[in-house]
A.B. asks: 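Here's a structure for you.
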Amino acid sequence: MERSPIPVTYVSADGNGSMPTCSRQLAEKLGVPEFRTGVWLRTVKDLDAPTLSLATLRALREDLRLVWTLNSLGGILHLSHHHLGRYGLFLARPFLITVHDMIRYLDLAGDKHLIQPLNARERLFLRMDYAGIRRALRVIAVSEHTRSDVVRYLGIPEERVRVVYNGVDHSLYRPVQGPRPLADPYILFVGAEHPRKNLKALLRAFAALKRDRRFRRLKLLKVGRAGNPEAYFRRPVEEEIRRLGLEGEVVFAGRVPQERMPLYYANAECLAFPSLYEGFGLPPLEAMACGCPVVASNASAVPEVVGEAALLVDPRDPGSLAAALERVLSDGGLRRSLSWKGIERASLFTWERAARETRGVYEEVLQELSRRRRPGVLGGREPLLPEEPAYTQERSLS
């Protein structure tokens with residue numbers, strides 16, 4: 001793609017998770033220089049190391065080197081996800097940042113954990129992340145729900161937050177035909193086994209379905225790692241499976257290569273997505289793009305993504321979830337309707353559209369900076385970076 005004259009460098013991060021994957025997809029369409037770093041990923045892997053360990057000192061040295069490199073790039077920086085916010089604290093350059101969700105903020109501030117309890121280093125890094133986000137000239141949120149959370153919890157003025165939805169790779173995620181992952185019919189679940197993913201509620205709903213003789217061959221196929229550490233998240237799930245008498249009925253596929261995922265979606269009876277909190281929710285979008293019917297949570301950002309192309313249920317009510325799944329499994333007309341609606345809905349979410357809207361935010365920032373005319377940078381006498389707002393009682397993390 002021809003390079004854009006917009007003086008923005010897009011800072012992406014290595015990794016296989018949803019945030020790095022989204023950043024790479026967007027980078028391919030933006031048409032601005034990309035700087036990719038593996039420093040954040042290595043820092044994540046060292047979070048459990050003792051505070052004064054060699055690994056900690058090595059990570060600190062790499063962090064300092066990354067800040068120096070980012071400051072030397074010139075122009076405006078776009079940090080591709082919110083855990084790069086910690087580096088924004090030390091940037092002399094004007095920057096934007098994309099916030100994918102506020103999950104770890106809620107883990108940091110609350111008593112109930114969406115993922116897991118935090119150690120001292122994680123708490124430090126997360127506080128730095130959110131302080132860095134407050135310094136950004138613009139925050140790009142991937143949904144209206146995430147935008148609302150950013151404004152509410154971080155105290156960032158609404159006029160500094162823009163919504164740009166994620167896209168889906170339609171060259172990969174599309175209706176396909178091919179070998180079935182399982183010989184038996186299956187409900188598909190894609191994601192980790194964090195508490196926020198609400199897999200236990202799905203297991204209870206699945207157990208209710210299995211009491212119906214029509215569904216004696218039905219399996220629950222779970223794709224994705226349990227989480228990190230693996231055993232910490234898998235253990236309570238296995239205990240729930242034993243409690244419900246579902247041994248042999250739940251299949252753990254582990255991590256599936258991305259290029260094979262369309263087969264898992266296309267051959268499923270439906271995708272079940274009962275998540276309690278999502279900043280966006282990629283699996284329902286991928287499933288819909290593949291023509292897979294979706295039964296999803298009515299919480300957080302999920303309804304924004306699926307619109308009227310999925311059955312929405314209260315994720316805290318296994319009975320409602322079981323009833324919705326039973327409707328999809330027993331009604332061929334409903335499955336076909338959801339399939340076609342899903343394909344149509346997913347077509348609205350493209351990385352080309354995300355790139356176009358992101359470039360619009362770049363233009364907006366450039367116009368703002370040109371009005372400031374601070375000599376020696378991009379013109380103007382006003383501060384390039386906004387001052388961090390004072391904490392309110394609601395936003396306090398102490």
Side-chain angles (χ1 to χ4, degrees), residues 1-37 40 70 73-85 88 93-101 133 136-147 150 160-174 258-259 261 278-286 288-290 301 304-307 343-370 378:
M1 180 178 288
E2 184 177 334
R3 290 298 183 189
S4 163
I6 297 178
V8 176
T9 299
Y10 186 71
V11 182
S12 62
D14 288 337
N16 295 317
S18 60
M19 291 189 299
T21 299
C22 285
S23 73
R24 288 194 295 271
Q25 293 282 343
L26 181 59
E28 290 178 4
K29 306 297 183 183
L30 271 176
V32 302
E34 178 187 9
F35 176 83
R36 186 177 297 180
T37 175
W40 168 78
L70 293 177
L73 292 176
I76 302 167
L77 302 178
H78 178 182
L79 306 181
S80 61
H81 68 73
H82 46 276
H83 292 308
L84 296 175
R93 314 302 318 160
F95 69 94
L96 308 88
I97 191 166
T98 294
V99 174
H100 292 262
D101 59 64
I133 291 168
L137 284 175
R138 288 292 183 279
V139 175
I140 295 176
V142 299
S143 66
E144 290 289 349
H145 181 271
T146 295
R147 178 181 184 270
V150 166
R160 278 173 45 203
V161 187
R162 300 288 179 269
V163 173
V164 176
Y165 288 110
N166 289 323
V168 66
D169 182 357
H170 290 280
S171 66
L172 175 64
Y173 293 103
R174 54 190 175 82
Q258 189 180 41
E259 61 271 16
M261 280 305 300
E278 294 290 332
F280 182 77
L282 280 173
L285 183 59
E286 294 168 351
M288 291 191 301
C290 295
E304 285 183 64
V305 175
V306 301
I343 292 171
E344 183 178 7
R345 177 70 179 177
S347 69
L348 302 176
F349 295 84
T350 69
W351 287 114
E352 288 82 3
R353 174 181 173 178
R356 183 172 63 253
E357 293 178 358
T358 299
R359 287 167 60 87
V361 181
Y362 294 169
E363 295 283 5
E364 181 183 316
V365 168
L366 283 170
Q367 291 175 14
E368 178 178 323
L369 290 174
S370 69
L378 292 175

A.B. asks: To the nearest 0.5 Å, what is the distance between CZ (Phe349) and CD (Glu286)?
C.D. replies: 12.5 Å
A.B. asks: Does any N or O in the side chain of Thr146 come within less than 3.5 Å of the main-chain N or O of Ala141, such that one atom is a donor and the other an acceptor?
C.D. replies: no
A.B. asks: Would you please name every residue forming a side-chain contact (heavy atoms from CB on, under 4.5 Å) with Leu70, sequence neighbours left out?
C.D. replies: Val11, Phe35, Leu66, Leu73, Leu77, Tyr87, Leu91
A.B. asks: Please determine whether side chain to side chain contact (heavy atoms under 4.5 Å, CB included) holds for the pair Val99 and Arg147, giving the CA-CA distance in whole Å, both sets of side-chain angles, and the decisive distance to 0.1 Å.
C.D. replies: CA-CA 8 Å; Val99 174; Arg147 178 181 184 270; over 6 Å; no
A.B. asks: Could you list the residues that satisfy side-chain contact (heavy atoms from CB on, under 4.5 Å) with Ala346, not counting sequence neighbours?
C.D. replies: His170, Leu285, Met288, Ala289
A.B. asks: Using side-chain heavy atoms (C-beta onward) and a distance below 4.5 Å, is Thr358 in contact with Leu26?
C.D. replies: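 Touching, per the 4.5 Å side-chain cut-off.
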A.B. asks: In Å and rounded to the nearest 0.5 Å, what is the CG to OG1 distance from Leu84 to Thr98?
C.D. replies: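 If we round to the nearest 0.5 Å, Leu84:CG and Thr98:OG1 are 9.5 Å apart.
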A.B. asks: In Å, rounded to the nearest 0.5 Å, how long is the span from CG of Leu30 to OG1 of Thr9?
C.D. replies: 11.5 Å
A.B. asks: Just to verify, what does Glu144 make a side chain to side chain donor-acceptor pair (under 3.5 Å) with, not counting sequence neighbours?
C.D. replies: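 Partners of Glu144 under the side chain to side chain donor-acceptor pair (under 3.5 Å) test: none.
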A.B. asks: Restricting to ring-ring contact (aromatic ring centres under 6.0 Å, His included), what partner residues turn up for Phe95, sequence neighbours left out?
C.D. replies: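 Listed in chain order: nothing, the list is empty.
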A.B. asks: What's the separation between atom OH in Tyr362 and atom CD in Gln367, rounded to the nearest 0.5 Å?
C.D. replies: 15.5 Å
A.B. asks: Please report the closest heavy-atom contact between Ala13 and His81, naming both atoms and the distance.
C.D. replies: CB-NE2, 3.7 Å
A.B. asks: Can you tell me how far the CG atom of Leu79 sits from the CD1 atom of Ile133, to the nearest 0.5 Å?
C.D. replies: 9.5 Å
A.B. asks: Using the test side chain to side chain donor-acceptor pair (under 3.5 Å), find all partners of Arg353 that sit at least two apart in sequence or belong to another chain.
C.D. replies: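 Partners of Arg353 by the side chain to side chain donor-acceptor pair (under 3.5 Å) criterion, ordered by chain and then number, come out as Glu357.
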A.B. asks: Taking side chain to side chain donor-acceptor pair (under 3.5 Å) as the test, write out the residues that go with Asp14, two or more places apart.
C.D. replies: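 Partners of Asp14 under the side chain to side chain donor-acceptor pair (under 3.5 Å) test: none.
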A.B. asks: State, to 0.1 Å, how close Gly281 and Pro284 come at their nearest heavy-atom pair, and which atoms those are.
C.D. replies: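 Where Gly281 meets Pro284 most closely, the heavy atoms are O-CD, 3.3 Å.
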A.B. asks: Are any non-hydrogen side-chain atoms of Met19 and His83 less than 4.5 angstrom apart?
C.D. replies: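 In short, these two side chains touch, coming nearer than 4.5 Å.
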A.B. asks: If we count only N and O atoms by modelled type, under 3.5 Å, do the side chains of Ser18 and Thr21 hold a donor and an acceptor together?
C.D. replies: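 No, because no side-chain N or O of Ser18 sits under 3.5 Å from a partner of the opposite role on Thr21.
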A.B. asks: Using 30° and 60° as the class limits, which term best fits the ring planes of Tyr10 and His78: parallel, tilted or perpendicular?
C.D. replies: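 Rings of Tyr10 and His78: perpendicular, over 60°.
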A.B. asks: For Ser80, which residues count as a side chain to side chain donor-acceptor pair (under 3.5 Å) partner, sequence neighbours excluded?
C.D. replies: none
A.B. asks: Assess whether side chain to side chain contact (heavy atoms under 4.5 Å, CB included) is satisfied between Ile140 and Ile97, documenting all intermediate values.
C.D. replies: CA-CA 6 Å; Ile140 295 176; Ile97 191 166; over 6 Å; no
A.B. asks: Closest heavy-atom contact between Val168 and Tyr173?
C.D. replies: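 Heavy atoms of Val168 and Tyr173 come nearest at CG2-CD1, 3.8 Å.
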A.B. asks: Carefully, step by step, assess Glu278 and His145 under the rule side chain to side chain contact (heavy atoms under 4.5 Å, CB included).
C.D. replies: CA-CA 9 Å; Glu278 294 290 332; His145 181 271; over 6 Å; no
A.B. asks: Name all residues meeting the side-chain contact (heavy atoms from CB on, under 4.5 Å) criterion together with Arg138; count only those two or more places apart in sequence or in a different chain, and write none if there are none.
C.D. replies: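 So Arg138 forms a side-chain contact (heavy atoms from CB on, under 4.5 Å) with Leu96, Arg160, Arg162, Val361, Glu364, Val365, Glu368.
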A.B. asks: Just wondering, more than 12 heavy atoms not from Glu352 lying within 6.0 Å of its CD?
C.D. replies: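 Counting neighbours around CD of Glu352, more than 12 heavy atoms of other residues, nucleotides or ligands fall under 6.0 Å, so yes.
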A.B. asks: Using the side-chain contact (heavy atoms from CB on, under 4.5 Å) criterion, which residues pair with Cys22? Sequence neighbours excluded.
C.D. replies: His100, Asn166, Leu282, Trp351
A.B. asks: If you measure from CZ on Arg359 to CG on Leu366, what distance do you get to the nearest 0.5 Å?
C.D. replies: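 Those atoms lie 10.5 Å apart.
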A.B. asks: Could you tell me if the side chain of Gln258 sits less than 4.5 Å from the side chain of Leu172, heavy atoms only?
C.D. replies: yes
